[in-house]
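To start, the structure itself, in structure tokens.
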Amino acid sequence: LGALTLLGCAIKPSPPATGVIHSKQGALRIAFPDATAVQAKNVFLTKAESLAIRNTAGSGLSSRMVTVYVGHQGKHCLGYGFIDTHRVKQQDETLMIVVSPAGKVQAVHMLAFHDTPGKKPSNRWLGQFRGKGLSPKLRLGDEVDGITGATYSANAVTGAVRRALAIYQVVLSTGNRVPCAFPAKKG
């Protein structure tokens, strides 16, 4: 019986090392596991906001339209989710960055990775961003540990986290553009 149990554990399926790891819906369930609702809000950035995000994050956005996913549990706001797809050396990766209503990283989830499997950041490595806010020290080699042999991946993830936090700081922190409170039903 012990050998069968060990064999069963050995063939347990694991997430793919490369390719699509989570769908958008799956990522939203992981990002907001206690949510009763998740709303997608498209935010059209002004040129000034886009420039401020670029200057704050240290890298620009691919578009002036940003989709923000707002997680709710009843009337309580759980936070904001951002999907960021970017190039790592020659292939793309996609992340879900979850930011708390207070502007701190709650989680970073890898949704897709199309490069060499050994270059994919581990969940443990992604976990080092938890609790961090946007600061000049949120950089590789300072508050962010590197990944031996995967500097491009580490820099790309750090850039994506900085962009999400910059969007929060420039656009969302006031609550005017995308309020975190669940809107009351009309009628």
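Only heavy atoms go into these numbers, but all of them, side chains included; no hydrogens, no water, no symmetry mates.
To the nearest 0.5 Å, atom CZ of residue Arg29 and atom OG of residue Ser23 are 6.0 Å apart. Interatomic distance, CZ of Arg139 versus CG of Asn155, reported as 9.5 Å (0.5 Å rounding). The line from CZ of Arg64 to CG of Leu51 is 10.5 Å long, rounded to the nearest 0.5 Å. Taking OG from Ser63 and CZ from Phe44, the interatomic distance works out to 8.5 Å, rounded to the nearest 0.5 Å. Once rounded to the nearest 0.5 Å, the distance linking CD of Glu143 with CG of Asp145 reads 10.5 Å. Rounded to the nearest 0.5 Å, atoms OG1 (Thr158) and CG (Asp142) are 11.0 Å apart.
Tyr168 places a side-chain N or O within donor-acceptor distance of the main-chain N or O of Pro101, the cut-off being under 3.5 Å. When atom types are taken as modelled, the side chain of Gln106 and the backbone of Leu78 share a donor-acceptor pair closer than 3.5 angstrom.
Under the 4.5 Å side-chain criterion, counting only non-hydrogen atoms from C-beta, Val144 is not in contact with Val157. In this structure, the side chains of Ile167 and Leu45 stay at 4.5 Å or more apart for every pair of heavy atoms.
In plain terms, the two heavy atoms of Thr67 and Ala40 that are nearest each other are CG2-CB, 4.2 Å. Between Ala156 and Glu93, the shortest heavy-atom distance links the atoms CB-OE2, 3.7 Å. Taking both residues in full, the closest heavy atoms of Val98 and Ala31 are given as CG2-CB, 3.4 Å, listed atom of the first, atom of the second, then distance. Of all heavy-atom pairs spanning Ala164 and Phe82, the tightest one is CB-CD1, 3.7 Å. Minimum heavy-atom separation, Ala52 to Thr56: O-OG1, 2.7 Å. Minimum heavy-atom separation, Lys132 to Gln128: CE-O, 3.2 Å.
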Arg162 and Leu134: CA distance, side-chain angles, deciding distance, side chain to side chain contact (heavy atoms under 4.5 Å, CB included) verdict: CA-CA 6 Å; Arg162 289 186 59 81; Leu134 187 60; 3.6 Å; yes
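Cluster annotation: Met96 is not connected to Val99 through the hydrophobic network of ILVMFWY side chains, with a link wherever side-chain heavy atoms come within less than 4.5 Å. At a threshold of 4.5 Å between side-chain heavy atoms, the hydrophobic network of Ile, Leu, Val, Met, Phe, Trp and Tyr places Met110 and Val161 in one connected group. When the side chains of ILVMFWY residues are joined at heavy-atom separations under 4.5 Å, either directly or via intervening members, Ile97 and Val38 end up in two distinct hydrophobic clusters. Ile83 and Val70 fall into different hydrophobic clusters, where Ile, Leu, Val, Met, Phe, Trp and Tyr side chains are chained together by heavy-atom contacts under 4.5 Å. Cluster membership for Leu28 and Leu126, using ILVMFWY side-chain heavy atoms within less than 4.5 angstrom, is not shared.
Residue pairs meeting the ring pair (Phe, Tyr, Trp, His ring centres under 6.0 Å) criterion with at least one partner in residues 121-141, sequence neighbours excluded, are Trp125-Phe129.
A donor atom on one side chain and an acceptor atom on the other are found under 3.5 Å apart for Ser59 and Arg163.
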